[in-house]
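Just so we're clear, the structure is a prediction, and the values are computed from it rather than from any experiment. We're numbering straight along the sequence, starting at 1.
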Amino acid sequence: MVRQLRQERGVQTRRQLLRAAAEVFDESGFAGASIKDILQQAELTAGALYFHFESKEALARAVMNAQPDSIVPWLESQGLQRLVDITLVWSQQLRTDPLLRAGVRLTTEQGAFGLRDAKPYRDWGAIMAECLRVAADKGELQAGVDPEELAEFVVEACTGMQTYSAVASEGRADLGDRVVRMWRLLLPGIAVPTVIAHTEVSEARAKELLRTASAAASASAGSRQGGGAQG
């Protein structure tokens, strides 16, 4: 039981460090962020940080690679609708979630601090390709649509959209509209007509999904805390 509690505390400490680092990276970028600032934000010691991360670069990599964690685990849809939902929620979360926003910023700016790591893009591509493979198995895609090729294109499109939106609107306020437009243009070329008619693509759906995801995340956190207290 003691070992389990230590493991749970370790997971919580790592999560706390990631969140604090994300908030500092989001505000200051990699170059402007200091270990001191991150520790102050996390309210933890240097020993706690270096137990989990060997350097600021390692912490930045962890933030970059944590992007899907704030979206994917909380979605229940499958196939093409799941892929659409990922991008819808992403367009909303990118405006409010420091962990996701910092991950995107670091991935985009990584060349400035000596990294050239395509893993965050590849991870998104793998997640999206799996959605599309399920869609293909369900007969949702038109003949000749390659899941891996389409997934990579969607990652590329989203990367470009968020960059454009960050410049064209305050706080990426128009990103949701851009994602909806992307799917209205893409769906006729990739999905069978009956699936297009039943695929929901709107900012209203994104907001509803966020409410559901937030409730699920809160319930999960409460369950973990309750289990720890009981132990």
Side-chain angles (χ1 to χ4, degrees), residues 8 11-12 15 18-19 22 63-101 103-104 120-142 145-148 150-155 157-159 161-162 172 175-188 190-228:
E8 290 173 355
V11 170
Q12 179 59 36
R15 187 180 295 117
L18 276 177
R19 175 62 58 172
V63 171
M64 288 164 55
N65 293 324
Q67 294 175 53
D69 296 343
S70 60
I71 299 174
V72 176
W74 313 112
L75 298 178
E76 297 181 354
S77 50
Q78 297 295 323
L80 188 56
Q81 183 68 68
R82 183 175 181 83
L83 174 55
V84 171
D85 288 346
I86 287 171
T87 61
L88 288 173
V89 174
W90 167 83
S91 72
Q92 299 295 316
Q93 287 284 75
L94 194 51
R95 298 173 58 189
T96 60
D97 184 348
L99 183 58
L100 180 60
R101 199 163 52 228
V104 167
Y121 298 119
R122 289 196 297 266
D123 286 349
W124 276 122
I127 290 166
M128 293 181 179
E130 177 58 26
C131 295
L132 289 165
R133 282 192 290 269
V134 172
D137 290 342
K138 294 171 66 177
E140 295 180 344
L141 302 182
Q142 292 186 21
V145 174
D146 181 88
E148 282 71 23
L150 178 55
E152 186 170 347
F153 174 79
V154 174
V155 172
C158 288
T159 300
M161 277 192 299
Q162 69 84 17
R172 297 187 179 91
L175 185 56
D177 289 336
R178 293 179 185 278
V179 169
V180 170
R181 182 179 62 184
M182 175 186 74
W183 286 116
R184 286 178 178 163
L185 292 170
L186 275 181
L187 285 175
I190 65 171
V192 299
T194 53
V195 171
I196 296 173
H198 294 94
T199 302
E200 297 183 54
V201 184
S202 68
E203 285 202 77
R205 178 172 177 83
K207 291 173 182 176
E208 179 59 32
L209 288 167
L210 273 174
R211 283 193 290 270
T212 303
S214 178
S218 297
S220 177
S223 175
R224 287 195 301 268
Q225 291 171 359

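In this structure, the side chain of Q142 does not engage the main chain of V192 through any donor-acceptor pair within 3.5 Å.
Here the options are D146, I190, L186, the test is side chain to side chain contact (heavy atoms under 4.5 Å, CB included), and the partner is F153; only L186 passes.
Counted within 6.0 Å of NZ on K138, heavy atoms from surrounding residues, nucleotides or ligands total more than 12; the atom is thus considered enclosed.
Within the structure, salt bridge (Lys or Arg N to Asp or Glu O under 4.0 Å) contacts touching residues 70-83 (residues at least two apart or in different chains) do not occur.
Taking CG from N65 and CG from D123, the interatomic distance works out to 6.0 Å, rounded to the nearest 0.5 Å. Rounding to the nearest 0.5 Å gives a distance of 10.5 Å between CD of E140 and CG of L83.
Among residues two or more places apart in sequence or in another chain, the salt bridge (charged side-chain N to carboxylate O under 4.0 Å, His left out) test is passed with E152 by none. Residues forming a salt bridge (charged side-chain N to carboxylate O under 4.0 Å, His left out) with E130 (at least two apart in sequence, or on another chain): R133. Partners of R172 by salt bridge (charged side-chain N to carboxylate O under 4.0 Å, His left out), not counting sequence neighbours: none found. The side-chain contact (heavy atoms from CB on, under 4.5 Å) test applied to L210 returns V89, Q92, Q93, not counting sequence neighbours. In terms of the salt bridge (charged side-chain N to carboxylate O under 4.0 Å, His left out) criterion, residue partners of E200 (sequence neighbours excluded) are, by chain and number, R205.
L94 and V104 get closest at one heavy-atom pair: CD1-CG2, 3.7 Å. Taking every heavy atom of both residues into account, D97 and S70 meet most closely at OD2-CB, 3.1 Å. Pairing each heavy atom of P68 with each of W124, the nearest pair is CA-CH2, 3.6 Å. Considering every non-hydrogen atom in both D85 and S77, the closest pair reads OD2-OG, 2.6 Å. For S91 against V179, the heavy-atom pair with the smallest separation is CB-CG2, 3.7 Å. Minimum interatomic distance between L99 and R19 (heavy atoms only, all atoms of both residues): N-NH1, 3.8 Å.
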ask   = R211 and K207: side chain to side chain contact (heavy atoms under 4.5 Å, CB included), yes or no, with the steps?
value = CA-CA 6 Å; R211 283 193 290 270; K207 291 173 182 176; 4.2 Å; yes
